[in-house]
Q: 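Mind having a look at this structure? Questions to follow.
Every chain is numbered from 1 and lettered A, B, ... according to where its sequence line falls, protein lines coming before strand lines.
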Amino acid sequence: MINLLRAIRFTFASAFVLGLLYPLFGCLIGWLLFPFSSQGSLMKAGREIVGSYLIAAPYKGPEWFAPRPSAVNYNGDGSGGSNDAPTSPALLQEVQANMRDVLKANPSLSAQNISPSMVESSASGLDPDIEFQDALDQIPRIAKATGMSEAWLRHLVESHVIEPRLGLYGVPMVNVNELNHALAQARKGNGS
Amino acid sequence: MEKRRSWSKAIAGRAVVDALVKFDPRVLVRNPVMFVVEIGAVITLLLTIQPSLFGIQSTGYQAGARFYNGVVTLILLITIWFGNFAEALAEGRGKAQAETLRRTKAELMAYVKRDDQWEKIPASALRRGDIVRVQAGELIPADGEVLEGIGSVDESAITGESAPVIRGAGGDFSSVTAGTKLLSDELIVRVTANPGETFLDRMIHLVEGAKRQKTPNEIALTVLLAGLTLIFLIVIVCLPPVAQALGVRVDITSLVALFVCLIPTTIGALLSAIGIAGMDRLIRFNIIAKSGRAVEAAGDIDTLILDKTGTITIGNRLAYAFLPVQGHDERELAAVASLCSLFDETPEGRSVVELAKQMGIEYRREDYARARNVEFSAETRMSGLDLPDGTRIRKGAADAMKRYVEAQNGRVPSDLDEKVENAREGGTPLVVVENDEVYGVIYLKDIVKPGIRERFAELRKMGIRTIMCTGDNALTAATIAREAGVDDFVAEAKPEDKIRLIHREQEAGRLVAMSGDGTNDAPALAQADVGLAMQSGTQAAKEAANMVDLDSDPTKLLEVVAIGKQLLITRGAITTFSIANDVAKYFAIIPALFSAFIPELGALNIMHLESPRSAILSALIFNAVIIPILIPLAMRGVKYQPQSAMRLLMRNLSIYGVGGVIAPFVGIKIIDLALTAAHFIGGGFSS
Amino acid sequence: MTFSGVLAITLVLAVTVALAVPLGRYMYQVFDGEQVPFDRVFRPFERVLYCVTGIRPEVEMDWKAYLRALMLSNAAMGVFAYVILRIQAWLPLNPAHIGPMPPYLAFNTAVSFLTNTNWQNYAGEQSLSYLSQMIAITFLQFTSAATGIAACIAFLRGMRSRQANALGNFWVDLTRALLRVLLPLAFVWSIALMALGVPETLGGYVTVHVLGGGTQIIPRGPVATLEAIKQLGTNGGGFFNANSAHPFEDPNVWTCMLEIWAMSLIPTAFVFTAARFLNAPKLGWVLCAFLTALVFLGALVVYHAEAAGNPLLAKLGIHGPNMEGKEVRFGIPLTSTFVAVTTAYTTGAVNAMHDSLMPLGGMVPLVLMMLNCVFGGDGAGMLNILMFFIITVFICGLMVGRTPEFFGKKIESREVKLATAAMLVHPFVILIPTAIAMATPAGRSSIANPSLHGFSEVLYAFTSAAANNGSAFAGLNGNTPFYNLMLGLVMLFGRYISIIAMIAIAGSLAAKNIVPVSEGTLRADTFSFGAVFVAIVLIVGALTFFPYVALGPIGESLQLALRS
């Protein structure tokens with residue numbers, strides 16, 4: 001009985017320390033030291049919050065850099081993957097549909113040089129990054145839709161490229177949110 | 001000896017029949033692994049009678065299902081029979097021996113003292129405390145202690161040793177054993193054991209294995225094996241629902257076959273045979289262990305406590321050198337010493353004569369027929385010879401001899417003490433005096449038994465420390481210890497010291513073995529984890545010990561340790577082999593089970609077995625025949641060489657572990673080829 | 001597969017070992033009780049806690065008392081978490097206005113976090129309030145790890161005592177594990193994660209108009225603090241549904257590495273701690289070398305399988321690695337390392353969807369969880385290692401002709417019985433529920449993918465629950481009464497039966513004398529013995545699960561190979 005009482009007392013005491021003090025103290029430190037990242041790396045256009053740099057938004061329309069396919073339709077509070085097995089017919093259908101879309105949107109591409117990441121859906125459904133080459137592949141389409149020069153777009157992509165860390169970890173990639181944010185700023189600047 | 005070793009056909013013949021009796025589930029349930037095989041056999045038997053009994057009968061197997069089920073049933077029964085046979089065979093030798101002993105026992109008659117009359121009654125009516133009379137030519141009716149008389153006894157019925165031994169009242173040689181034969185004289189014996197408790201009874205129990213209880217280690221292994229069996233049971237029982245959901249229809253008979261192949265039937269079948277054979281091996285070494293537990297403990301021994309005399313050294317000291325004092329040379333001393341010992345029949349005396357003879361000095365007894373031999377007495381502590389011309393030659397302990405010389409106003413040479421000290425190192429000095437003149441010192445030395453040093457080195461490799469106990473002084477003890485290569489010694493040891501030593505070692509967590517024969521050894525024998533008493537020793541010592549050596553050879557402790565280890569190793573080796581076998585069996589049976597429905601799994605048929613059925617039967621047949629193939633190994637025990645634990649492990653693992661993985665791949669393939677060649681089973685893999 | 005990829009995997013694992021060695025020493029000092037570093041810092045806090053909770057730290061417990069305290073504390077915590085989940089709708093810190101968790105799901109969730117499993121039949125961003133994330137989830141992630149650590153320390157203490165009954169004091173061990181090991185580490189990790197981009201805020205979800213048109217909800221919360229203990233405590237239960245694949249939980253390769261190190265840190269350190277307790281310093285290196293090699297091998301297999309890509313898609317013209325269910329930012333080598341580490345260390349966090357791994361890639365996490373002792377979780381993994389060590393020592397002891405000794409303690413039938421029981425639990429609670437699930441419509445209806453892969457989903461679920469891992473072939477819909485209940489029970493059995501058995505063994509070993517080492521002793525702290533240990537673990541694992549793995553990933557892999 002004493003043991004049970006002690007167990008209950010310990011539960012409340014430790015829940016207070018670990019379940020309240022610890023995370024609240026974390027929030028305080030985050031607010032003080034990392035005001036940007038602790039609040040969700042929010043992306044602003046002017047004063048308006050237009051998303052998070054870390055969360056892929058659904059960029060529909062040919063004028064935006066398209067993120068990777070999402071099994072959850074870029075639903076911010078419903079992250080997840082397709083969970084399709086490699087042998088599943090559903091996967092084949094999905095990939096074939098994505099291929100059709102990509103080829104339709106980017107007529108300059110052929111099936112042979114589409115990278116897997118652009119037709120296979122991401123794990124979170126919110127993957128904000130695309131491979132460097134995938135961004136380059138989209139330039140002709142965006143140039144056509146926005147009237148911006150391919151050279152400028154190429155420069156934009158290259159200036160945002162994230163190289164593998166230490167040369168070992170990751171692939172050359174760009175964050176679509178950053179690209180599209182820069183794209184939006186540029187268009188606003190152009191007055192279009 | 002020979003009769004024990006013999007392996008008559010009769011034993012094997014009886015084992016064949018006994019093996020059938022052991023099919024009785026009430027008997028078999030003691031062995032959980034074989035018991036579930038029997039259950040499996042019942043299931044396949046039912047399927048033989050009615051193949052669609054459980055409804056799940058795949059179309060692919062329809063053809064000849066009954067025949068196939070029947071064959072599987074037969075193989076399962078043979079598997080069980082092999083296991084039973086191994087056990088029956090191991091027991092057989094003991095049973096045959098027990099029968100002989102029992103016959104001896106039944107014939108025993110006794111003359112017991114009732115109201116001052118000697119009355120003839122069957123020995124089974126004797127009670128502790130009865131007084132019996134045994135005359136030359138009669139069998140001694142009960143274990144007891146000699147009260148009166150002395151006689152020579154033929155103990156070959158028990159020990160197998162044909163040379164008679166002397167038994168007499170008082171001292172350490174007063175115990176007699178029922179069933180042995182008095183050859184001369186007459187003994188009055190007080191019975192010390194009630195019927196059923198005599199040495200003979202115990203021996204009968206032991207060799208019969210009637211009272212054989214599983215040893216702790218055997219229980220632990222049985223638990224582990226039962227655990228593995230349970231795991232495999234779950235593995236098999238859970239397969240049909242999973243397979244069915246995937247559209248795979250599995251065949252019950254094949255599942256039973258897979259199950260029997262996976263469970264450790266090899267060790268399950270041989271486990272008790274290994275234990276019985278281990279005890280039997282001890283018996284053939286002429287050692288009676290009171291329990292299997294003691295044999296196992298022997299394998300764990302960390303410390304061996306050995307008496308110096310009789311174990312490490314041969315019982316007697318022998319002349320090793322002549323050390324003359326100033327004014328005499330070695331030959332002079334040798335001559336006097338040899339003459340002094342001419343009629344001395346003690347081993348020490350004979351060795352002096354022998355040593356002198358090697359120097360070319362020899363006297364003939366005939367020439368000194370008129371001389372008077374002076375025997376050693378505890379009072380004078382010297383012995384010698386009085387020649388007819390009045391010369392008195394003496395040899396004896398240094399201080400006694402000094403006093404003797406001084407009493408005659410003789411001169412004690414100044415370097416005598418030094419010589420005496422020299423001879424004390426690892427030996428005993430005997431000072432030689434002619435009349436009042438000191439010639440020098442005979443250096444009597446303890447002789448370490450030949451080969452003992454190597455044996456201790458072996459023990460050290462096995463991780464066993466040896467400690468020598470001796471009543472000698474520290475200096476002597478140290479010399480012998482160095483020479484024999486023991487790790488430690490206790491000098492000037494009293495009986496209590498032994499117990500203290502055992503306690504000390506046991507408190508440090510070590511297991512201790514010792515041998516002994518005297519009554520004063522009894523407490524130490526009882527305290528030690530393994531106590532080996534000599535058959536020649538007192539009843540008290542034999543009672544206290546947990547093993548008795550019928551040959552009365554204290555160095556047998558080393559063999560006992562080896563047998564104990566061998567017993568465990570054999571168990572471990574066959575267990576490992578048994579488990580390692582499963583790898584190959586999986587590769588035989590899994591593709592066979594599933595490939596009809598998931599053809600891709602046929603790729604796992606890496607042995608390229610002919611057909612699913614031949615694969616399953618081959619695995620099952622291999623599983624059965626490996627048992628009789630390993631029976632000789634189980635009986636003989638795995639070869640044991642003293643070496644460090646890690647090397648031993650690696651050696652045994654590479655033989656029984658790696659070998660256990662490879663052997664069935666080869667064996668199953670060969671059986672499969674044979675079955676196919678015989679057109680026993682048709683139909684290929686569907687892939 | 002490229003050289004730089006293999007190098008990438010190697011470096012990450014090497015850093016784990018480098019961090020684990022000093023932590024192993026520190027943990028030994030903390031629990032050994034002599035010369036505890038930073039004692040002056042921690043002691044006042046402990047005093048306050050002891051005072052508040054009525055713990056008498058000087059009381060020594062025998063195995064039964066220790067176990068009783070362990071079970072009671074866990075029961076209290078489990079009930080506490082269950083109640084919080086049920087009433088979260090009416091409690092503060094619920095900016096997204098999330099309703100109460102339904103009973104079956106709340107049972108499953110409470111049990112899941114209590115048992116260090118962190119199987120999630122819910123999506124965090126939709127089903128939990130901030131308060132629940134903190135006081136139910138984060139809290140249990142601390143205490144479940146600390147419970148495992150305490151149980152293992154008790155065992156190790158039993159190994160060291162000579163003919164005594166005392167295993168230490170559970171409350172003291174639990175407190176020390178929490179305050180002196182987990183909390184400081186979690187603090188460091190959470191600040192590092194925040195610095196690298198992981199949110200930590202009480203600010204609510206933000207609904208935004210995105211650039212491309214339309215709206216999106218950006219969920220937030222106290223993520224970094226949860227993330228730190230989620231990994232350090234080998235818990236694995238994420239704040240969001242996508243777990244460590246979610247850009248908020250794991251925004252870049254640096255955070256990914258931090259998370260890999262966090263989950264492998266304490267179990268790796270534990271082998272060094274255990275070695276010190278067992279007075280066999282070399283043992284730490286032996287175990288570390290062999291088990292790290294297994295993790296490395298696992299990562300390589302995943303890397304190989306995933307980098308090769310899906311041959312069925314190659315037929316469509318898609319060449320390159322299998323990116324279905326993966327995030328671009330991690331790259332295949334780091335993703336593969338994460339897959340192997342999260343299952344070897346039974347954490348269960350995922351940064352790729354295991355269900356979408358190639359068959360052989362998906363087999364690796366399954367097999368690592370079946371073995372359940374390739375490091376394993378905090379404390380509990382070490383207990384499993386020790387359990388298999390006892391079995392190994394027993395078999396090897398026979399092979400050298402001595403009653404087996406386990407670091408000086410004789411292994412006799414009682415220990416073998418209990419260790420066998422502990423060994424039996426794992427296959428039992430995997431295979432029996434899997435068979436039941438496959439045999440019943442309730443079990444089969446949750447399956448997402450067809451045929452053999454569908455079976456793999458069920459097998460994976462129960463393996464994950466039994467190993468207290470928590471990762472999933474997430475296509476399986478676990479949020480049904482059947483799976484909530486079954487998985488909950490499997491988690492409980494998988495966790496507590498082996499803890500009970502091992503502490504009982506500790507009790508019986510503690511009472512034994514320590515046999516001194518001699519030439520005849522089979523030294524368990526050698527690389528040769530380590531090799532035997534690994535061989536026995538692999539063989540027992542293979543023999544137990546081979547038919548099922550053959551019907552799952554192996555069969556699927558062979559089908560894939562033949563179809564393309």
Q: A quick test of your reading: do over 12 heavy atoms of other residues, nucleotides or ligands sit less than 6.0 Å from CZ of C:F493?
A: no
Q: Quick one: which of B:A573, B:G572, B:A298 has the most heavy-atom pairs under 4.5 Å with chain C, could you say?
A: B:G572
Q: Can you check whether B:L568 reaches C:M399 side chain to side chain, under 4.5 Å on heavy atoms?
A: no
Q: Please flag which part of C:K512 lies under 4.5 Å from any non-hydrogen atom of chain B: side chain, backbone, both or neither.
A: neither
Q: Answer with side chain, backbone, both or neither: which region of C:S451 has an atom nearer than 4.5 Å to a non-hydrogen atom of chain B?
A: backbone
Q: Of the backbone (N, CA, C, O) and the side chain (C-beta and beyond), which part of C:T544 lies under 4.5 Å from a heavy atom of chain B, both, or neither?
A: both
Q: If I compare all heavy atoms of B:G299 with all of C:R402, which pair ends up nearest, and what's the gap?
A: O-CG, 3.7 Å
Q: Return the option, out of C:A439, C:P516, C:P427, with the maximum number of heavy-atom pairs under 4.5 Å with chain B.
A: C:P516
Q: Can you confirm whether B:D488 is buried at CG, in the sense that more than 12 heavy atoms of other residues, nucleotides or ligands lie under 6.0 Å from that atom?
A: yes
Q: Could you look at B:E505 and say if it's the side chain, the backbone, both or neither that has a heavy atom under 4.5 Å from chain C?
A: neither
Q: In terms of heavy-atom proximity below 4.5 Å to chain C, should B:L262 be classed as side chain, backbone, both, or neither?
A: neither
Q: Can you tell if the side chain of C:L543 reaches within under 4.5 Å of the side chain of B:K585, non-hydrogen atoms only?
A: no
Q: As an exercise, state the distance from CD1 of C:I554 to CG of B:L604, rounded to the nearest 0.5 Å.
A: 6.0 Å
Q: C:V400 and B:I569: which non-hydrogen atoms are nearest, and at how many Å?
A: C-CG1, 3.7 Å
Q: If every non-hydrogen atom of B:I590 is compared with every non-hydrogen atom of C:P547, which pair is closest and at what distance?
A: CD1-CB, 3.6 Å
Q: Should we say atom CZ of B:R647 is surrounded by more than 12 heavy atoms from elsewhere, each under 6.0 Å from it?
A: no
Q: Spell out, as yes or no, whether a donor-acceptor pair under 3.5 Å connects the side chain of B:Y586 to the backbone of C:F546.
A: no
Q: To the closest 0.5 Å, what do you measure between CG (C:L398) and OG1 (B:T570)?
A: 10.0 Å
Q: What part of C:I411 gets within 4.5 angstrom of chain B, counting heavy atoms only: side chain, backbone, both, or neither?
A: neither
Q: Let me know if C:S557 has heavy atoms under 4.5 Å from chain B in its side chain, its backbone, both or neither.
A: neither
Q: At a heavy-atom separation under 4.5 Å, does B:T576 approach chain C through its side chain, its backbone, both, or neither?
A: side chain
Q: Heavy-atom cut-off 4.5 Å, strictly under: side chain, backbone, both or neither for C:F545 against chain B?
A: neither
Q: For C:L562, is it the side chain, the backbone, both or neither that has a heavy atom under 4.5 Å from a heavy atom of chain B?
A: side chain
Q: Taking B:T222, B:I579, B:I219, B:D302 one by one, which has the highest count of heavy-atom pairs under 4.5 Å against chain C?
A: B:D302
Q: Using non-hydrogen atoms only, which part of C:A542 is less than 4.5 Å away from chain B: side chain, backbone, both, or neither?
A: backbone
Q: Treating C:N513 as the side-chain partner and B:E507 as the backbone partner, does any N or O pair qualify as donor plus acceptor under 3.5 Å?
A: yes
Q: Is the shortest side-chain heavy-atom distance between B:C238 and C:T434 below 4.5 Å?
A: no
Q: Could you walk me through whether C:L551 and B:L601 pass the side-chain contact (heavy atoms from CB on, under 4.5 Å) test, one step at a time?
A: CA-CA 8 Å; C:L551 283 177; B:L601 281 175; 4.3 Å; yes
Q: Between B:I598, B:I464, B:L224, B:N217, who has the most heavy-atom pairs with chain C when the cutoff is under 4.5 Å?
A: B:L224
Q: Between atom CG of B:L230 and atom CZ of C:F428, what is the distance when rounded to the nearest 0.5 Å?
A: 4.5 Å
Q: Tell me, for C:L431 versus chain B, whether the close heavy atoms (under 4.5 Å) come from the side chain, the backbone, both or neither.
A: both
Q: What pair of heavy atoms forms the shortest contact from C:S528 to B:M646, and how long is it?
A: CB-SD, 3.7 Å
Q: Take atom CZ in C:R523; do more than 12 heavy atoms of anything else shown fall under 6.0 Å from it?
A: no
Q: Under 4.5 Å from any heavy atom of chain B, what part of C:T420 do you find: side chain, backbone, both or neither?
A: side chain
Q: Mind listing the closest non-hydrogen atom pair of B:L246 and C:F455 along with its distance?
A: CD2-CB, 3.8 Å
Q: Below 4.5 Å from any heavy atom of chain C, which atoms of B:R460 appear? Answer side chain, backbone, both or neither.
A: backbone
Q: Judged by atom type as modelled, is there a donor-acceptor pair below 3.5 Å linking the side chain of C:Y548 to the main-chain atoms of B:V235?
A: yes
Q: For residues B:E600 and C:L558, report the shortest heavy-atom separation together with the two atoms involved.
A: O-CD1, 3.3 Å
